[in-house]
Amino acid sequence: MARARRSRRSRKRSQRRWLWIPAVLMILIAAGYAGVHALFVAPEQKPGKLDAVQAVGDAPPEGMTEEEFETLRSHLERKESFYTILVSGVDDGNGGSDTNILVSVDAANKCIYGVSIPRDTKANINGKNYKINAAYNIGGMEKLAETVSDQLGIPVDYTVLVDLRGFRALVDTIKGVDFYIPVDMDYDDPIQNLSIHFPKGMRHLDGADALKVVRFRHNNDGTGYGSEDIGRMQTQQDFLKAVAKKILTPASLTKLDEFVKIFNEYVETDLSLGNLAWLGGEAISIGPDNIDFSTLPGDWKSPYIYLNPDETLALINEHLNPYVEDRLPEDLNLVR
């Protein structure tokens, strides 16, 4: 019985890890719609907790020398036109944040980068240890953003919450996607009423088939990617790029009214319509070839994933850091 419960939990987790795909796609299509229907307004760079010292003005606070104050101000100077957006997905209506990805938009250098945050990452929330996805249950997107910011030492400028049911609707709206399936897929799960059967090769996928392809981990006989989640993550990223290429074209402008209906039904965000318009213009300018993804590096030790401090810091400084100066080890607050 215990084994059966673990198996069900494992299947449920495997369903949810791909939710960053519809989340990122939703913000792209919403931005495209806004670009036609609203004024372009660049988002504001919101201060993180480290920026509080800026509020004291030009004079150092009591107990801090002028040199120390200038060093801190320099460490907190932000890059121009660089934004961080936390995109989260839910799929079962229970209020949980099942998938989280921190997206950096570097408009100055023309690149977009998304880093998936494992839902089992150990985090300290209100003085107690939890898996990081529990932050949403405790305090919604505000608490989740606060927790991510605290761990990674960088501010989260905006948040986007997506219901994955919009994924199927989105793929169907663009009349499906031509996609190369990298392995033979033969899997049946009667508990989930799920059957995945696709031969390796190019195929045109509608919304329902696309869901199956990005969910696939391995065949019933154990064959498949050989690396399960690593192989599946690569397929998900390749699929996202394929859809982005189809969405970020002039032909998609004829479908913007349909896109916005999907967006209004399945997305919640604190970005304004004007912000989305600006981001949409930047996304089109940047192009899908300059959009990439990875995952925060860490190791599993039940019941948590522990982020690797050195590798996480390197990833932040290369792709996520909105500040001019590199972040330092003391800027991070990883729970060990």
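Predicted model only: the values in this text are computed from it and were never measured.
The CG atom of D106 sits 8.5 Å away from atom OG of S81, with the distance rounded to the nearest 0.5 Å. With rounding to the nearest 0.5 Å, the separation of CG in L307 from CZ in R336 is 7.5 Å. Atom-to-atom distance recorded for F82:CZ and I154:CD1 is 7.5 Å, nearest 0.5 angstrom. To the nearest 0.5 Å, atoms OG1 (T235) and CZ (F216) are separated by 9.0 Å. Rounding to the nearest 0.5 Å places CG of L152 at 4.5 Å from CD1 of I316. Rounding to the nearest 0.5 angstrom, the gap separating the OG1 atom in T84 from the CG atom in L320 is 8.5 Å.
Between the side chain of N219 and the main chain of G222, no donor-acceptor pair closer than 3.5 Å is present. Remark: the backbone N or O of E44 is paired with a side-chain donor or acceptor of Y158 at under 3.5 angstrom. A donor-acceptor pair under 3.5 Å is absent between the side-chain atoms of E268 and the main chain of T159, judged by distance alone. Between the side chain of N109 and the main chain of C111, no donor-acceptor pair closer than 3.5 Å is present. Between the side chain of D331 and the backbone N or O of L328, at least one donor-acceptor pair lies under 3.5 Å. Here the side chain of N308 pairs no donor or acceptor atom with the backbone of P297 at under 3.5 angstrom.
By the criterion of side-chain heavy atoms lying less than 4.5 angstrom apart, applied directly or through intervening Ile, Leu, Val, Met, Phe, Trp or Tyr residues, I181 is grouped together with I196 in one hydrophobic cluster. Cluster membership check: L332 shares its hydrophobic cluster with L144, using side-chain heavy-atom separations under 4.5 Å among Ile, Leu, Val, Met, Phe, Trp and Tyr. In the hydrophobic clustering of ILVMFWY residues, with side-chain heavy atoms under 4.5 Å counting as a link, I286 and L279 come out together. One hydrophobic cluster, built from ILVMFWY side chains closer than 4.5 Å, holds both I101 and L271. The hydrophobic cluster containing V214 also contains Y187, counting ILVMFWY residues as joined when their side-chain heavy atoms lie under 4.5 angstrom apart, directly or transitively.
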List the steps and the verdict of side-chain contact (heavy atoms from CB on, under 4.5 Å) for L296 and Q151.
CA-CA 12 Å; L296 284 178; Q151 284 221 341; over 6 Å; no
Working for salt bridge (Lys or Arg N to Asp or Glu O under 4.0 Å), residues K131 and D120:
CA-CA 5 Å; K131 296 179 180 179; D120 292 337; 3.5 Å; yes
What do the steps show when you test Y130 against N137 for side-chain contact (heavy atoms from CB on, under 4.5 Å), and what is the final call?
CA-CA 11 Å; Y130 295 91; N137 291 329; over 6 Å; no
Chi angles and distances behind the side-chain contact (heavy atoms from CB on, under 4.5 Å) call for R203, D209:
CA-CA 10 Å; R203 183 183 178 97; D209 286 346; 3.9 Å; yes
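You'll find the side chain of Q45 stays beyond 4.5 Å of the side chain of P155, heavy atoms only. H75 is not listed as a side-chain neighbour of Y323, based on a closest heavy-atom distance of 4.5 Å or more. Counting heavy atoms from C-beta outward, T147 and I138 have side chains that stay 4.5 Å or more apart. Looking only at side-chain heavy atoms (C-beta outward), D186 and N220 stay at 4.5 Å or farther from each other. No side-chain heavy atom of V171 sits under 4.5 Å from any side-chain heavy atom of L205. Side-chain atoms of V148 and N100, non-hydrogen and from C-beta on, never get closer than 4.5 Å to each other. Between V335 and Y304, the closest side-chain pair of non-hydrogen atoms is not below 4.5 Å. Inter-residue side-chain proximity for K245 and V177 is flagged as unmet; no heavy-atom pair is nearer than 4.5 Å.
The side-chain contact (heavy atoms from CB on, under 4.5 Å) test with S88 singles out one residue from I117, L161, V162, and that residue is L161. When the options V103, V267, L86, D270 are evaluated for a side-chain contact (heavy atoms from CB on, under 4.5 Å) with V160, the one that passes is V267.
Nearest heavy atoms, W278 versus V41: CB-O, 3.4 Å. M202 and D178 make their closest contact through SD-C, 3.9 Å (heavy atoms, listed as atom of the first residue, atom of the second, distance). Smallest separation of non-hydrogen atoms from T295 and P118: CG2-CG, 4.0 Å. Contact record, K143 with N126: NZ-OD1, 3.0 Å, taken as the closest heavy-atom pair. Summarising the geometry of D184 relative to K200, their closest heavy-atom pair is OD1-N, 2.7 Å, with the distance given to 0.1 Å. Taking all atoms of both residues into account, the shortest heavy-atom contact from A107 to E282 is CB-OE1, 3.3 Å.
Summarising the local packing, CD of E325 is surrounded by more than 12 heavy atoms from other residues, nucleotides or ligands at distances under 6.0 Å. In the displayed structure, K110 atom NZ is contacted under 6.0 Å by more than 12 heavy atoms of other residues, nucleotides or ligands. Around the CD atom of E67, the shell of radius 6.0 Å holds no more than 12 heavy atoms that belong to other residues, nucleotides or ligands.
Ring orientation note: the planes of F239 and F179 are nearly perpendicular, at an angle over 60° on the 30°/60° scale.
Of the N and O atoms on the side chains of D221 and T223, at least one donor lies less than 3.5 Å from an acceptor on the other residue. Looking only at atom types and distance, the side chain of H319 has no donor-acceptor partner in the side chain of D292 under 3.5 Å away. With hydrogens and angles left out, the side-chain atoms of D188 and H197 include a donor and acceptor closer than 3.5 Å.
A salt bridge is defined here as a Lys NZ or Arg NE, NH1 or NH2 lying under 4.0 Å from an Asp or Glu carboxylate O, and E258 with K261 fails to meet this definition.
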